[in-house]
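Data first, discussion second: the structure below is written as structure tokens.
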Amino acid sequence: MATGQEASTTATTRDKYRSFLLEDEAGEVQWRHCAPPTYDMVNKLFEEGRTKEWPKGSLEETVQNAIKTWEMELSHKTRLRDFKTINPDKFKLFVNGREGLSGEETLKLGSYNALLKNSLPEEFQYYKADKETFESSHEAFRSAFPRGFAWELLAVYSGPPVIAFKFRHWGFFEGPFKGHAPTGEKIEFIGLGTLKVDESLRVEDVEIYYDPAELFGGLMKGS
């Protein structure tokens, strides 16, 4: 899920958690908003609310930063060929056991729609990913979490080539969401995942498991 909702502006400093953000000196990357994004606000939220601070150079720090970088590319790059975190020919995203999405399918849907898509009957869906666009989904969560939706790695259970990990997502519900008034409360959920990487540490498969009700239970509380 997206970890930064700030508008894209021309960044002047390298982001400490996301690689490849400013390594576009030739100007060949097609950015969704014409320039690299900034993550100052969500980085502040992350640093104030994280429960782990991993040693520099550790496997945990490497995995955490790699996933943050992948999310940045998915949210802000418009062409799969500009991604450096994945193997575009093999990439698949699996969420809660659903059928895998290719890199192009994931890019078209956007991170929120790809992660929140479900097969429940429509009347039971708290979020209808099939009726959302890339832009509308990001706008909905940017509105709900104006300070961003932070992501941290809680544990790594195995190293490459198959990396198993546990994560935490959180933010403060300080703006409206789909007609529900903000409560100001912290909303968070815990999940598990695996990354299968190649010899260059580019991701080939991502599997994510989490309970969407932990997210929407808080968002639906608003009047």
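Rounding to the nearest 0.5 Å gives a distance of 9.5 Å between CG of Asp205 and NZ of Lys90. For the atom pair Phe83 CZ and Leu107 CG, the distance stands at 5.0 Å (nearest 0.5 Å). Here the CG atom belonging to Asp82 is positioned 6.5 Å from the CD atom belonging to Gln30, to the nearest 0.5 angstrom. Between the CG atom of Leu215 and the CZ atom of Phe173 there is a distance of 10.0 Å, given to the nearest 0.5 Å. Atom OG1 of Thr194 and atom OH of Tyr209 lie 6.5 Å apart (nearest 0.5 Å). Taking CZ of Arg81 as the start and CD of Glu28 as the end, the distance is 9.0 Å to the nearest 0.5 Å.
The closest side-chain heavy-atom distance from Lys117 to Asp130 is below 4.5 Å. Proximity of Leu80 to Ile86: side-chain heavy atoms (C-beta onward) are separated by under 4.5 Å at one or more points. Counting only heavy atoms from C-beta outward, the side chains of Leu153 and Trp54 approach each other to under 4.5 Å. The closest side-chain heavy-atom distance from Met72 to Ser19 is not below 4.5 Å. Annotation: side chain of Asn87 is not in contact with side chain of Val203 (no heavy-atom distance under 4.5 Å). When side chains are defined from C-beta on, Phe165 does not count as touching Leu154, because their heavy atoms never get closer than 4.5 Å. Looking only at side-chain heavy atoms (C-beta outward), Glu174 and Phe145 stay at 4.5 Å or farther from each other. Residues Lys77 and Trp31 are in side-chain contact: their nearest non-hydrogen atoms beyond the backbone lie under 4.5 Å apart.
A pairwise comparison of heavy atoms in Arg98 and Ala114 identifies NH2-O, 2.6 Å as the closest pair. The two residues Asn113 and Ser137 make their nearest non-hydrogen contact at OD1-CB, 3.5 Å.
For Ser143 (side chain) and Gly175 (main-chain N/O), no donor-acceptor pair under 3.5 Å exists by modelled atom type. Counting only distance, with no hydrogens or angles, the side chain of Glu207 and the backbone of Leu93 share no donor-acceptor pair below 3.5 Å. Distance alone, capped at 3.5 Å, places no donor-acceptor pair between the His76 side chain and the His33 backbone. Asn96 places no side-chain N or O within 3.5 Å of a backbone atom of Asp211 that could act as its donor or acceptor partner. Under a 3.5 Å cut-off, the side chain of Tyr210 and the backbone N or O of Arg168 do not form any donor-acceptor pair.
For Phe167 and Trp151, the gap between ring centers is short of 6.0 Å.
Each of Leu192 and Val63 belongs to its own hydrophobic cluster when Ile, Leu, Val, Met, Phe, Trp and Tyr are linked at side-chain heavy-atom distances under 4.5 angstrom. Ile208 is connected to Leu195 through a chain of hydrophobic side-chain contacts under 4.5 Å among Ile, Leu, Val, Met, Phe, Trp and Tyr, so both are in one cluster. Hydrophobic clustering (ILVMFWY, side-chain heavy atoms < 4.5 Å, transitive): Leu201 and Val162 are in distinct clusters. In the hydrophobic clustering of ILVMFWY residues, with side-chain heavy atoms under 4.5 Å counting as a link, Trp70 and Phe94 come out apart. Hydrophobic clustering, with ILVMFWY side chains joined whenever heavy atoms are under 4.5 angstrom apart, keeps Ile190 apart from Phe172.
Salt bridge status for Glu104 with Arg79: absent, with no side-chain N to carboxylate O gap under 4.0 Å. A salt bridge links Glu48 with Lys44: at least one charged nitrogen is closer than 4.0 Å to a carboxylate oxygen. With salt bridges taken as basic N to acidic carboxylate O contacts below 4.0 Å, one links Glu53 and Arg50. Glu152 has no carboxylate O lying under 4.0 Å from a charged side-chain N of Lys52, or vice versa, which leaves the two without a salt bridge. Under the 4.0 Å criterion applied to side-chain N and carboxylate O atoms, Arg142 and Glu139 are assigned as salt-bridge partners. We find that Lys92 and Glu204 are not joined by a salt bridge, their nearest charged nitrogen and carboxylate oxygen being 4.0 Å or further apart. Ion pair Lys68/Glu73 not flagged as a salt bridge, since none of the NZ, NE, NH1 or NH2 atoms sits closer than 4.0 Å to an Asp/Glu carboxylate oxygen.
No side-chain donor-acceptor contact under 3.5 Å links Glu61 and Tyr17. For the 3.5 Å distance criterion, the side chains of Ser75 and Glu71 qualify, holding a donor opposite an acceptor.
A cation-pi geometry, defined here as NZ or CZ lying under 6.0 Å from the six-membered ring centre and within 45° of its normal, holds between Arg18 and Tyr39.
Partner of Val156 under the side chain to side chain contact (heavy atoms under 4.5 Å, CB included) criterion, out of Glu60, Lys166, Gln64: Glu60 alone. Shown are Phe177, Phe149, Phe134; of these, the ring pair (Phe, Tyr, Trp, His ring centres under 6.0 Å) with Phe141 is made only by Phe177.
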